[in-house]
**Student:** 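Pasting in a structure now, in structure tokens, and then I'll have a few things to ask.
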Amino acid sequence: MANARVVYWFRTDLRLHDSPALKAALDLNPSVLWPIFTWDPHYVYQARGGVNRWQYLLDCQNDLSESIQKLNPKSKLFVLREAPQTLFPKLFKAWSVTHLVFEKDTDAYAQERDRVIIDLAKKAGVEVITRFGRTLWDSDEVVAQNGGKPTMSISQLQSAGRKVGEIPRPIEAPKSLPDPGEMPVEFDHEIPDVGPDLNGPLRSDGKDDKSYAYNIAGPKGDFAIETLEELGFPLATTPHRGGETLALKRLDEILSDEDYTATFRKPQTSPAAFEPVSTTLLSPYLHFGALSPRLFYWRVQDVISKRKDASSPPESLTGQLLFRDMYFAAQAAVGPSFTQTVDNPYVRFVPWHLPTLPDPSSEHERTYHIDNSEAETWFQRYKLGVTGFPWIDALMRQLRHEGWIHHLGRHALACFLTRGGCYIHWERGAEVFAELLLDHEPACNAGNWQWLSCTAFFSQYYRCYSPVSFGRKWDPEGKLIRKWVPELAKLDKKYIYEPWKADKQALKKAGVRIEGDGLGETEEGTYPEPMFDFNERRGKCIAGMKKAYQVGLKGDDEKVKDGTWAELFKGDPEAEVQDRGDEDEDEDEDDDGAHADDAEHGAHRGKKRGKEKQGPMDKFVKKQKK
DNA sequence: ACCGCAGTTGATACG
DNA sequence: TCGTATCAACTGCGG
């Protein structure tokens, strides 16, 4: 088809190596090919994403653009600053497009968007070609081979995968690219109705978002890649940088250490290691498509097949890719409800604190019900890394600053927030990770939170990570804590995981005082008190989980939605703290709560609610709710 | 229907 | 410092 005029739409496949969709585009032998990226208001405004991830995306875009230019100096990654839903109909016409090619996406929003785009293309007489390249196997095919059911275990994924067929071998990067055609954009620039700007708080100048202040081709009319400044964001803090070139270099480095590659066992890599980290750090590249999972898989496979002592899935390197596929295929089968409890038949209902509001108004950000002010305070302390448990705080601060922590560190944080400490809904934790992780993948994130909260995939809730001994096992000196919680840098290793036990002398020597809750203004040279007695909390959590397992509700149960689940949890202390239903409740509207002696607030305050401490958190809640 | 067993990665006490 | 038994007992799978 020598006269094909092809738009190649890059989305989550920011690479040239092993791209089945790009190959399909080039197989058309087009006379003209435009490599483009569109601005999507959903991602700019409505999907909360930290500055670190924005920078990583820009890195990937810039690297891809340079690689394209090397193949054809006339070409590059052309960024069009308009929503694809309004842009494409105009583009199809103005550029006389014959084909639109892109890699299939699996996430809920992306699927909905792509259905619209495919429909628009059809109306414009443009042929749409899609290929799957985001996972080892096409998730829809895996689901079909798994009897239409979500893959809930690695063995299910493996057996379904075997039926789908051999994982495709990687495809070479193109050696040349056609010229882009003319790119007239003399049509109206539609500014979308963006709705709530969830990323507003991240922007340097808040209200003054300049994202759409330029024309479709950017401030210089050259389709340049946006900058953090243009998006209104401050500088990123992460040291991790994106782009296919770096991804392939990093992969080469890993593979050059044959022993590491062949004997990799995930549970035995340290969550406390930094400089160098103990795992590959390739997940953010996978997320942005700068690295193809199949390329990764086969490069590893080719190294380890020579060795008899190689580790095997699920612990091995390739096993990590299988977990990713498992979550993608599970999401493909369950659908949009996969990332939540409500309507999800595969996730267990547990009466966690801070549950998602049953019917959030569409005009507002999805928010949650504050059933318990103590839990809300715990959650705020957790998010800021001031829980008073140094291991937890170090991990959270590393996550916030670098956008990446080791998988076992994520376990520790997830267990602590949910079934092993705070008894707060896993969806709250998933939202924190969704914002902060460079490698945030909705399916993997939700799946891992379900796993760690023992609501799906995993069920041994009595195995509980201790915020003290688990960290100490990996890092007895407390190096990770010393790096990320500098207040405690000089504390003796005897107390580094539990500074509240340190005697006056040790604290004085370390130059730190243990006081306060870490919120609001904190004094120099202080570190907060632990927000609860962990062993006491662990006991309550396990008892609560036991009850929830006995009750056995799943997310799609009517009782979950209509609130009658509460009757089934009578006698469960953790659930009764929720205090739902009767009387005045509505804590989130409670903006002028009077002061109460906080010390008396145990876990069982029963009905004596409504008079909560007015702290900095109340402000936060109001702001969040708008 | 029943039983036994495995399940990516625990904590603790003890020798 | 290490290996090992015990803890208290879940689900899903396969025979």
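Each chain gets a letter, A, B and so on, in the order its sequence line appears, and its residues count up from 1. Note that the structure is a prediction, hence the values are computed from the model and not measured.
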**Student:** Please report, rounded to the nearest Å, how far the P atom of dG10(B) is from the NZ atom of Lys473(A).
**Tutor:** 6 Å
**Student:** Provide the distance between the two C1' atoms, one in dA9(C) and one in dG7(B), to the nearest whole Å.
**Tutor:** 13 Å
**Student:** Before you tell me yes or no, could you show the steps for Asp556(A) and Asn344(A) under side-chain contact (heavy atoms from CB on, under 4.5 Å), namely the whole-Å CA-CA distance, both residues' side-chain angles and the distance that decides it to 0.1 Å?
**Tutor:** CA-CA 5 Å; Asp556(A) 64 337; Asn344(A) 185 341; over 6 Å; no
**Student:** Shortest non-hydrogen contact from Trp500(A) to Val468(A)?
**Tutor:** CH2-CG2, 4.1 Å
**Student:** Start with the C-alpha distance between His411(A) and Trp451(A), add both sets of side-chain angles, then the distance that settles ring pair (Phe, Tyr, Trp, His ring centres under 6.0 Å), and finish with yes or no.
**Tutor:** CA-CA 9 Å; His411(A) 280 209; Trp451(A) 185 300; 7.6 Å; no
**Student:** Separation of His411(A) atom NE2 from dT9(B) atom P, in whole Å?
**Tutor:** 8 Å
**Student:** How would you list, by chain and number, every residue that makes a salt bridge (Lys or Arg N to Asp or Glu O under 4.0 Å) with Asp302(A), sequence neighbours excluded?
**Tutor:** Arg169(A)
**Student:** Apply side chain to side chain donor-acceptor pair (under 3.5 Å) to the pair Asp393(A) and Thr387(A), showing each step before the final yes or no.
**Tutor:** CA-CA 6 Å; Asp393(A) 293 344; Thr387(A) 65; 2.7 Å; yes
**Student:** Given side chain to side chain donor-acceptor pair (under 3.5 Å), test Thr238(A) with Asn52(A) step by step and report yes or no.
**Tutor:** CA-CA 6 Å; Thr238(A) 180; Asn52(A) 287 333; 5.0 Å; no
**Student:** Roughly how many Å is it from CG in Asn535(A) to P in dG10(B), rounded to a whole number?
**Tutor:** 18 Å
**Student:** Within the structure, does a side-chain N or O atom of Arg463(A) lie under 4.0 Å from either OP1 or OP2 of dT9(B)?
**Tutor:** yes
**Student:** So what does Phe323(A) hit on the nucleic acid, given a heavy-atom distance under 4.0 Å: a base, only sugar-phosphate, or nothing?
**Tutor:** base
**Student:** Collect all protein-nucleotide pairs involving nucleotides 1-5 of chain C in which both atoms are nitrogen or oxygen and the distance is under 3.5 Å.
**Tutor:**
none

**Student:** What's the CE-C1' distance between Met152(A) and dT8(B), to the nearest Å?
**Tutor:** 16 Å
**Student:** Figure out the CZ/P separation between Arg472(A) and dG10(B), and round it to whole Å.
**Tutor:** 18 Å
**Student:** Less than 4.5 Å apart, any side-chain heavy atom of Ile370(A) and any of Leu354(A)?
**Tutor:** yes
**Student:** Pull out every stem in DNA chain B, meaning runs of 3 or more consecutive Watson-Crick or G-U wobble pairs with both distances under 3.5 Å.
**Tutor:** B:2-7 with C:10-15, B:10-15 with C:2-7
**Student:** For the CZ atom of Arg419(A) and the CD atom of Gln460(A), what is their distance to the nearest 0.5 Å?
**Tutor:** 9.5 Å
**Student:** Classify Arg538(A) by what it touches in the nucleic acid, base, sugar-phosphate, or nothing, heavy-atom distance under 4.0 Å.
**Tutor:** sugar-phosphate
**Student:** Search all heavy atoms of Pro351(A) against all heavy atoms of Phe569(A) and return the closest pair with its distance.
**Tutor:** CD-CE2, 3.4 Å
**Student:** Suppose you measure atom C1' in dT8(B) against the same atom in dA5(C); what distance do you get, rounded to whole Å?
**Tutor:** 22 Å
**Student:** Answer yes or no for Arg348(A) and Tyr549(A): cation-pi contact, defined as NZ/CZ to six-membered ring centre under 6.0 Å and angle to ring axis within 45°.
**Tutor:** yes
**Student:** Which part of the nucleic acid does Trp474(A) contact within heavy-atom distance under 4.0 Å: base, sugar-phosphate only, or nothing?
**Tutor:** nothing
**Student:** Are Tyr260(A) and Leu255(A) packed together at the side-chain level, in the sense that at least one heavy-atom pair is separated by less than 4.5 angstrom?
**Tutor:** no
**Student:** Taking the six-membered ring for Trp, are Tyr465(A) and Phe470(A) parallel (under 30°), tilted (30 to 60°) or perpendicular (over 60°)?
**Tutor:** perpendicular
**Student:** Roughly how many Å is it from CZ in Arg537(A) to C1' in dA11(B), rounded to a whole number?
**Tutor:** 19 Å
**Student:** What one-letter contact string describes nucleotides 8-15 of chain C from 5' to 3', where B marks a base within less than 4.0 Å of any protein heavy atom, S marks contact via sugar-phosphate atoms alone, and - marks no contact?
**Tutor:** -BBS-S--
**Student:** Among dT8(B), dA11(B), dT9(B), which nucleotide sits nearest the side chain of Phe470(A)?
**Tutor:** dA11(B)
**Student:** Determine the sole option in Asp105(A), Asp325(A), Asp13(A) for which the salt bridge (charged side-chain N to carboxylate O under 4.0 Å, His left out) test with Arg134(A) is passed.
**Tutor:** Asp105(A)
**Student:** Starting at CZ of Phe458(A) and ending at P of dT8(B), how long is that distance when rounded to a whole Å?
**Tutor:** 9 Å
**Student:** Who passes side-chain contact (heavy atoms from CB on, under 4.5 Å) against Ala446(A), sequence neighbours left out?
**Tutor:** Phe338(A), Thr339(A), Trp426(A), Gln450(A)
**Student:** Can you check the Lys266(A) NZ to dT9(B) P distance for me, whole Å?
**Tutor:** 13 Å
**Student:** Angle between ring planes, His406(A) versus Trp404(A), binned at 30° and 60°: parallel, tilted or perpendicular?
**Tutor:** perpendicular
**Student:** Check nucleotides 13-15 of chain B against the protein and report each pair of N or O atoms closer than 3.5 Å, with its distance, or say if there are none.
**Tutor:**
none

**Student:** Rounded to whole angstrom, note down the P distance from dC14(B) over to dA8(C).
**Tutor:** 15 Å
